[in-house]
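Convention: sequence-line order gives letters A, B, ...; per-chain numbering from 1. Keep in mind that the numbers below use all heavy atoms, side chains included, and drop hydrogens, waters and symmetry copies.
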There are 2 protein chains.
Amino acid sequence: MTAVPTPTGRRERKKAATRQKIADTALRLFMEHGYDAVGIRDVAAEADVAVTTLFSHFASKEALVFEQEEDFERRLTRAVTERTPGEPALPALRREVHALVRHCTGAGAAPVWRMIDDSPALRAYEQAMKLRYARSLTAALLADPGLSHSETSLRALAWFVVDAQSLAREAEDPEAAVDEVFTMIEAAWRAGAERPA
Amino acid sequence: MTAVPTPTGRRERKKAATRQKIADTALRLFMEHGYDAVGIRDVAAEADVAVTTLFSHFASKEALVFEQEEDFERRLTRAVTERTPGEPALPALRREVHALVRHCTGAGAAPVWRMIDDSPALRAYEQAMKLRYARSLTAALLADPGLSHSETSLRALAWFVVDAQSLAREAEDPEAAVDEVFTMIEAAWRAGAERPA
DNA sequence: TTCAAAACACTAACCGTTAGTGTTAGCTTC
DNA sequence: GAAGCTAACACTAACGGTTAGTGTTTTGAA
């Protein structure tokens with residue numbers, strides 16, 4: 001039917017199942033023995049796939065841990081680009097960050113984040129993800145015609161928002177922290193608007 | 001004289017010389033052939049040292065590139081802890097960030113930063129350094145008895161300041177960018193003070 | 001002079017990651 | 001159905017950063 005064949009049947013399901021099995025196995029082994037104590041070859045063997053197969057589904061060992069967070073980048077940019085017309089950007093971002101933080105702090109996520117905090121490699125990877133988030137969000141803000149701030153102001157805003165998310169994760173009351181940091185960001189935003197460049 | 005012998009003679013000088021020779025050789029090779037195209041074994045051979053010697057001076061391949069920036073962490077914390085008594089923290093930090101940015105944008109530093117921006121590994125490493133900076137600066141701010149902000153506010157401030165430095169590096173006019181971002185940070189700082197926790 | 005420690009060398013390996021080369025399984029078209 | 005194309009997967013072997021283990025030399029101190 002379609003010129004470019006889009007497989008939507010068993011093949012796709014099997015692929016997704018393999019991916020899920022790898023991710024589940026990896027997370028289980030990491031939690032059981034520690035991230036550094038488990039090698040890629042261990043994960044592949046336990047999931048009963050080849051090492052190359054594992055790397056065809058995940059770009060790196062760290063990516064196995066951050067499977068859930070991979071779409072945060074899109075969600076942040078969409079909060080800006082797809083907000084209701086006329087709505088200011090910051091409240092939309094605040095809502096989205098609230099949602100992201102709830103997602104990170106809910107359910108049994110705490111042990112995973114503990115593992116991340118315990119591993120320098122995972123902390124570094126998370127920082128690299130923040131860089132991607134900030135870059136994407138910057139692009140979205142720069143592309144918005146309704147924002148009259150200078151480029152530097154918008155870049156700063158993007159970073160501050162990304163920081164808000166990671167700051168809230170570490171706070172005792174994450175939801176309150178989001179609001180506290182966003183209060184500061186809103187003030188910074190207004191101050192940045194005072195000198196349009 | 002001292003119970004713990006502190007060598008201050010030829011040995012220290014030789015060690016420093018070896019370290020410097022490794023760093024210089026590495027930077028030269030990286031700039032000539034590209035960071036990814038030069039291996040650790042190449043650097044060690046060209047510097048005429050063993051690979052293990054290289055790693056006894058530098059913790060990783062990336063650390064060879066960021067040799068100069070290793071003390072930014074201390075400089076930021078000192079800007080807070082050793083500021084003249086009674087002086088507010090933010091102006092002191094602004095001055096220090098100005099100095100750091102001047103240091104990064106002066107002389108022939110541009111090609112090095114180009115190389116860093118071109119390498120994902122180096123960008124990630126720089127982000128990991130930002131994490132260290134932010135953590136240290138947070139600790140310094142939390143330890144300051146003169147600051148009545150909430151812990152979350154202080155954490156946010158630390159991140160914003162660290163962001164200011166990396167933002168300024170990328171701006172067309174870095175010095176002006178420092179001032180622009182700090183204007184926003186000062187506003188955020190005042191807004192954060194309104195709700196002492 | 002003697003001794004302990006630090007710096008350095010060398011080998012061999014570990015681990016994440018990738019290239020190269022098949023092989024199988026599923027979709028699609030006839 | 002049968003044929004053929006492609007995607008998913010397997011396997012081996014390697015590359016590059018990093019470290020452990022084991023000496024050897026240099027240097028400063030006693």
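Here the side chains of A:T25 and A:D48 are not in contact, with every heavy-atom distance at 4.5 Å or above.
When rounded to the nearest whole Å, the span between CZ of B:R13 and P of C:dA6 equals 19 Å. B:L54 places its CG atom 16 Å from the P atom of D:dG16, with the value rounded to the nearest Å. The nearest whole Å value for the distance from the CD atom in A:E12 to the C1' atom in C:dA25 is 15 Å. Rounded to an integer number of Å, the gap from B:L64 CG to D:dT18 C1' is 13 Å. We find that NZ of B:K15 is positioned 12 Å from C1' of C:dA5, with the value rounded to whole Å.
OP1 or OP2 of D:dA10 sits under 4.0 Å from a side-chain N or O of A:T53. One finds a side-chain N or O of A:H57 lying less than 4.0 angstrom from the OP1 or OP2 phosphate oxygen of D:dC9. Applying the 4.0 Å criterion to OP1 and OP2 of C:dG26, one finds that A:K14 has a side-chain N or O inside that range.
Note that A:K61 lies outside the cation-pi zone of A:F55, set by a 6.0 Å cut-off to the ring centre and a 45° limit from the axis.
Contact between A:C104 and A:Q165 at its shortest, heavy atoms only, is SG-NE2, 3.8 Å. Scanning both residues, B:V162 and B:L76, for their nearest heavy atoms gives CG2-CD1, 4.3 Å.
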Next item on the list: Go along nucleotides 13-19 of chain C 5' to 3' and tag each nucleotide: B for a protein heavy atom under 4.0 Å from its base, S when only backbone or sugar atoms are that close, - otherwise.
Entry: B-SBBBB
Margin query: With side-chain hydrogen bond (donor to acceptor under 3.5 Å, both in side chains) as the criterion, how do B:H98 and B:D179 come out once you've worked through the C-alpha distance, each side chain's angles and the decisive distance to 0.1 Å?
Written below: CA-CA 8 Å; B:H98 263 298; B:D179 285 323; 3.0 Å; yes
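Relative ring orientation between A:F72 and A:Y133 is described as tilted, the plane-to-plane angle lying within the 30° to 60° band.
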